[in-house]
Amino acid sequence: MDNNKITVTSPLLPNLDEFHEMLKEIWDSKWITNNGSFHKKLEAALAEYLKVPYVSLFTNGTLPLITALQALRITGEVITTPYSFVATTHSLWWNGIKPVFVDIDPNTGNIDPDKIETAITPKTTAIMPVHVYGKPCDTKRIQDIADKYGLKVIYDAAHAFGVEVNGESILNAGDMSTLSFHATKVYNTIEGGAMIMHDAKTKQRIDYLKNFGFAGETTVVAPGINSKMDEMRSAYGLLNLRQVDAAIEARKNVARQYVEALKDVEGISMFPYMLESFGYTPLSLRKGTGVRLNYSYFPIFVDAKKYGMTRDELYFKMKDQGVLGRRYFYPLISEFSTYRGLDSAWPENLPVAHKMANSVICLPMHHALTDEDIQRTINLIVQK
Ligand SMILES: Cc1ncc(COP(=O)(O)O)c(C=O)c1O
């Protein structure tokens with residue numbers, strides 16, 4: 001790899017010697033997948049770390065979404081956000097469910113609760129919000145709407161590892177939440193993911209579903225899928241759990257430097273909650289206090305007129321200089337060919353999401369960025 005390049009992310013890797021030791025144990029046991037001892041240990045350790053009652057490990061973060069919809073027998077239409085990674089909406093499509101896109105809140109990037117009710121039809125059975133960039137959705141408002149109309153809520157919490165509100169895990173909201181442990185995430189198992197549920201019966205059902213529906217040697221209770229995490233990745237995950245808090249602290253330090261250097265740059269803006277996280281608190285936005293963020297991404301928004309350069313001009317300028325931001329989430333999911341024809345995908349229905357997608361750049365953000373990397377990135381933005 002080109003050492004001069006600053007990448008948007010970098011995987012958190014366990015200590016190799018410790019990993020070797022665990023691999024030796026796995027080799028000796030000859031138990032390499034199917035609910036082995038490392039798998040069991042990681043489920044228990046994650047439940048404790050994340051402060052949730054039950055965790056079911058998966059082989060990535062897409063299959064728990066698909067499986068949650070199966071387990072809750074969701075059909076018809078599901079209300080969701082266009083401002084996410086495509087897997088959110090794909091999980092609906094794979095279940096034959098029609099996605100109904102609702103616009104987002106400009107202050108958070110999350111689905112706007114004020115716009116959910118008008119999108120509900122007699123076919124609506126659930127809401128699938130995303131805690132985008134790890135910022136918690138307004139879970140109370142969403143639950144109130146769901147209760148009023150008898151809808152299920154499945155949170156795509158792929159970005160929200162370790163995120164808490166007033167000491168409580170955001171993963172306890174809704175009927176189920178799903179996580180991604182992909183290499184690019186705050187916490188990774190190379191590829192991997194998990195589902196969070198509230199009770200033992202649901203955990204049991206999910207464990208069957210991720211193992212072809214097997215409930216015993218000769219009993220298949222449902223048309224399940226294969227989404228089991230193997231022993232190697234479970235061991236890797238146990239080691240990474242030991243260092244994830246330090247990684248989040250390192251990310252927070254990166255975010256602090258970005259906030260301090262960029263908060264007053266004309267034409268560059270960031271989410272109010274990010275400013276608030278470092279004490280730059282507009283009084284009117286104080287209600288977010290008490291959130292433990294994970295600093296999984298650092299999005300900035302470019303106002304071309306005020307900044308004097310378009311988002312893409314800045315993005316490609318950075319790229320030319322070896323600073324690799326990403327335009328997450330551009331294009332919107334509703335712009336991809338599979339979804340573009342849906343009524344709810346019309347740009348007129350999603351003005352905030354379009355504006356955000358057309359102005360965002362996620363800056364390099366990971367635990368291993370040096371002060372020099374951060375300064376190089378900042379300089380490219382400040383010195384036009
Ligand atoms: C919001 C969101 N949902 C789902 C996924 C899918 O996770 P995975 O890549 O582990 O399948 C990702 C990331 O990759 C994501 O960012």
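The chain is numbered in sequence order, starting from 1. One-based numbering, in listed order, for ligands and for the atoms of each. Every value quoted in this text rests on a predicted model; they were computed, and no experiment measured them.
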Does ligand 1 have any N/O pairs with the protein under 3.5 Å, and how far apart?
from     : atom 1 : to     : atom 2 : distance (Å)
ligand 1 : 3 (N)  : Asp156 : OD1    : 3.3
ligand 1 : 3 (N)  : Asp156 : OD2    : 2.7
ligand 1 : 7 (O)  : Ser180 : OG     : 3.3
ligand 1 : 10 (O) : Gly61  : N      : 2.8
ligand 1 : 10 (O) : Ser180 : OG     : 2.8
ligand 1 : 11 (O) : Gly61  : N      : 3.2
ligand 1 : 11 (O) : Thr62  : N      : 3.1
ligand 1 : 11 (O) : Thr62  : OG1    : 2.6
ligand 1 : 14 (O) : Lys185 : NZ     : 3.2
ligand 1 : 16 (O) : His159 : NE2    : 2.8

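Residues satisfying the ring-ring contact (aromatic ring centres under 6.0 Å, His included) criterion with Tyr339, sequence neighbours excluded, are His90, Trp93.
At least one side-chain heavy atom of Cys137 sits under 4.5 Å from a side-chain heavy atom of Ile142.
Its side chain within the 4.5 Å cluster rule, Val220 clusters with Phe212, Phe214 among the Ile, Leu, Val, Met, Phe, Trp and Tyr residues.
Here the side chain of Asn15 pairs no donor or acceptor atom with the backbone of Asn240 at under 3.5 angstrom. Looking only at distances, no side-chain donor or acceptor of Asn349 sits under 3.5 Å from a matching main-chain atom of Val102.
The stretch residues 224-234 participates, sequence neighbours left out, in these salt bridge (Lys or Arg N to Asp or Glu O under 4.0 Å) pairs: Asp230-Arg233.
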